[in-house]
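Just below is one structure, and these are the notes that go with it.
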Number of protein chains: 2
Amino acid sequence: MVASEYHDVLKFLLKNLYFRQKITLTIMSKRILISDIAKSLGVSVTTISFILNGKAKEKRISDALTNRVLEYVKKVGYKPNQLAQSLRTGQTKILGLLVEDISNLFFANIAKHIEEFSYASGYHLLYCSMGNDTVKAKELIQLFYDRQVDGFIITPTEGLEDVVALLLKNKVPVVLFDRYIPQVETNYVVSDNFNGAFRATKHLLENADNRRIGFVSLYSDQTQMRDRMDGYMKALDQYQRQAYIKKIQIDEQEDVAIAQIFEFIEDNKLDAVLFATNYLAITGLKVHKKYGKLPAMVAFDDHTLFKLHEPSISVVSQRIETIAEELVKVLLRQIRNPQADVKHIVVPCDLKIRDSSTAKSN
Amino acid sequence: MVASEYHDVLKFLLKNLYFRQKITLTIMSKRILISDIAKSLGVSVTTISFILNGKAKEKRISDALTNRVLEYVKKVGYKPNQLAQSLRTGQTKILGLLVEDISNLFFANIAKHIEEFSYASGYHLLYCSMGNDTVKAKELIQLFYDRQVDGFIITPTEGLEDVVALLLKNKVPVVLFDRYIPQVETNYVVSDNFNGAFRATKHLLENADNRRIGFVSLYSDQTQMRDRMDGYMKALDQYQRQAYIKKIQIDEQEDVAIAQIFEFIEDNKLDAVLFATNYLAITGLKVHKKYGKLPAMVAFDDHTLFKLHEPSISVVSQRIETIAEELVKVLLRQIRNPQADVKHIVVPCDLKIRDSSTAKSN
DNA sequence: CATTTTTGCTAAAAGGTTTTAATAGTGGTC
DNA sequence: GACCACTATTAAAACCTTTTAGCAAAAATG
């Protein structure tokens, strides 16, 4: 199945998921077994299993019997016990979603869409937030592995190289997102952070008033941070301007961060700033609120706040739905065909220009 | 175990979760079986199972053997196959979390904390968003039921009375939150919406400039909406003021909603407005941005935006962590003791007064 | 010393599927 | 009419645990 076909199938499934037949609830205390059906119909369990798994033709079950079974199964609302099924087949039809923090709007949004695509394909999701705690992260991956999830969707935090490599070595399907691990050859889906930052910086540079343009980022070796910085640098190089870079500690106290950003802007007399994450940009806005000073700015990742803020904040926004769709697509491909080659998918970003980078105010 | 003890245990587990022993990864292709251990140690499978399930004493397994087994198990990193375990015991150690929309900040935050408390107790979470689609919601509940989750945490959308009742009838542990279903006697954990709204309204009333105070809500019969309105009404009654109530369609186009709110404020010459949800309040702020008019206001549910907005927005905020903790506590109680009586927990709200309801500006 | 009780452990069943290997019957071929 | 191929179905093994019921040896009892 080529990619575009696959895409269509997914879309189709998704669209029709909620319009299937009228839903019949079969929540009842005594779950009915395949052996009950076999007895009632005077047929063997094997036959029924074959029919239900679509192997009727292959196993030469007569059409008459096939229909009789199918009808009866529908009538009594039989559903195979998934645990028994999973135990036997080794497939749980569950994916593990490990994000940095599910309460972060970016991840929550991704999670929402991943959920939609997964469910449309018959997969459920176990989720968890790993924070920036490597030990916790490894433990959670181990837990999900022990639960025999069919695949992993992970935002790798630092220090996870070995465990991800271990998963791969054991042929566990994995797809990373938001950032990837250069040393480990895995599937990943990321935004085009480099170009996003490049275009944002260029946009700031094109306003002649912006002589001195700074970049606020985090102390982090993660690829998305590196790429954003590289994009910023390239734009500056093109215009032969000096770079001003400030990195904040990942778990810095908010007021400390605020003070640091304020100093950074003041000391360097910055006219404009590119913030590497929306969280940092929000911290930047608090500088504004506290010190009443705000240079031109662009933030990475959109946020409800940015549209409403006065002035509204320009952003490099990620195509969250596309990312989610690709994630599920790549992962399911790997699950269905373990031989499949590794996929690296880079999704373009969109530069949304608002007032914070154009208005002459401030 | 009384509630407070239980609370302590949870807290303890949570705190120590990440500091346990050094983590040893046992991700490996060939999973080791209990029978392998039995063979290696020349002991029966039964004995090992008893020991691992803490029944050594009860089953009179000698201490010597117990230790030998425990040590060996640790050495080879054996972990029981959870599927086989679940199949046999009927317990999956998985909870189903069904929220209206995981990408909504309120639910994402709750999800984060529910996750923490669940994991600390050895439970994992399957999540999904139901939207406002009753059919989808029922289907998802059915799917989770089929997966034999040990319990449900649900924000019931309208039309779910029957399926929740069905779960209850079949002794499936359920706890509702955010709102409940009056006709069905279930566990629930909700905020004290009535008093929250009452206090917020009273706060607005106490400012003598606010003669006309409106309430913007949704067309919805859900309890939390009803309670918030009742709280608003009671405060107005106390001050013998007229009520101005505007309800917006749940899935209304944003610009339509904006226009409706604007009209509502204009037509009634409102001095102040209480918004029944943070989403509505944000829509209200867009009225401000579009028409440049903003009465005094208080929003329900906090949001990053509100602290930063100029003026900052006063809110009735919910104690999300407490709610999450109670949810898990109540649900696990029910799971562990199916006879346990139904719990109704009402968590107080906090009125956070900011500039939008006090500043003389606008 | 015969009987009962306790100790220490285990064989086998149960949980509910899928899948392998086999069987009994039918029709065709030379 | 012996042999083969095919049809339509199934018994039993496998997946990996937990739990029931029971057994043999040792200790306690009268």
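A, B, ... follow the sequence lines: proteins, then strands. Residue 1 opens every chain.
Protein atom CG of A:Asp146 is 12 Å distant from nucleotide atom P of D:dT17, rounded to whole Å. Going from atom CG of A:Leu41 over to atom P of D:dT10 covers 10 Å, rounded to whole Å. Between the CD atom of A:Gln91 and the P atom of D:dC16 there is a distance of 15 Å, rounded to whole Å. The interatomic distance linking A:Glu58 (CD) with D:dT7 (C1') rounds to 14 Å, in whole Å. Distance, B:Ile48 CD1 to D:dT17 P: 10 Å, rounded to whole Å. Rounded to whole Å, atom P of D:dC16 lies 9 Å from atom CG of B:Asp36.
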What are the atom names and distances for every N/O pair under 3.5 Å that joins the protein to nucleotides 14-16 of chain C?
unit_1, atom_1, unit_2, atom_2, d
C:dA14, N3, B:Arg88, NH1, 2.8

Extract from the structure each pairing of a protein N or O with an N or O of nucleotides 21-25 of chain D at less than 3.5 Å, listing the distance.
none

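Taking 4.0 Å as the cut-off between side-chain N and carboxylate O, A:Glu326 and A:Lys329 count as a salt-bridged pair. By the 4.0 Å N-to-carboxylate-O rule, A:Arg31 lies too far from A:Asp36 to be salt-bridged with it. Under 4.0 Å is where a charged nitrogen must lie from a carboxylate oxygen, and between B:Asp63 and B:Lys57 at least one such pair does. Salt bridge absent: A:Lys93 and A:Asp150 never bring a charged side-chain N and a carboxylate O closer than 4.0 Å.
Counting heavy atoms from C-beta on, the side chains of A:Arg147 and A:Ile94 never come closer than 4.5 Å. Within the 4.5 Å cutoff, the side chain of B:His113 has no heavy atoms near those of the B:Glu325 side chain. Inter-residue side-chain proximity for A:Leu126 and A:Leu95 is flagged as unmet; no heavy-atom pair is nearer than 4.5 Å.
For the residue pair A:Gln142 and A:Asp146, a side-chain donor N or O sits within less than 3.5 Å of a side-chain acceptor on the partner. Neither side chain, A:Ser49 nor A:Thr46, offers a donor N or O lying under 3.5 Å from an acceptor on the other. Side-chain polar atoms of A:Thr186 and A:Tyr180 form no donor-acceptor pair below 3.5 angstrom. Side-chain contact check for A:Glu100 and A:Thr157: no donor-acceptor pair (N or O, by modelled atom type) lies under 3.5 Å.
In this structure, B:Val43 and A:Lys55 both approach DNA chain C, and ranking their closest nucleotides by distance from the 5' end singles out B:Val43.
At C:dC9, one or more side-chain N or O atoms of B:Ser62 fall inside 4.0 Å of OP1 or OP2 (strictly under the cut-off). Taking only side-chain nitrogens and oxygens, A:Thr47 comes nearer than 4.0 Å to OP1 or OP2 of D:dT10. The phosphate of D:dT18 (OP1 or OP2) has a side-chain N or O of B:Ser49 nearer than 4.0 angstrom.
Between the axis at the start and the axis at the end of the helix from C:dC1-D:dG30 to C:dC30-D:dG1 there is an angle of 60°, using five pairs per end and rounding to 10 degrees.
Residue A:Lys57 is classed as having no contact, given no heavy-atom separation below 4.0 Å to the nucleic acid. Contact annotation for B:Val45: base contact, defined as any heavy-atom pair under 4.0 Å involving a base atom.
Judged by the 6.0 Å and 45° rule, A:Lys55 forms no cation-pi pair with A:Phe50.
The side chain of A:Ile61 has D:dT9 as its nearest neighbour among D:dT18, D:dT9, C:dT10.
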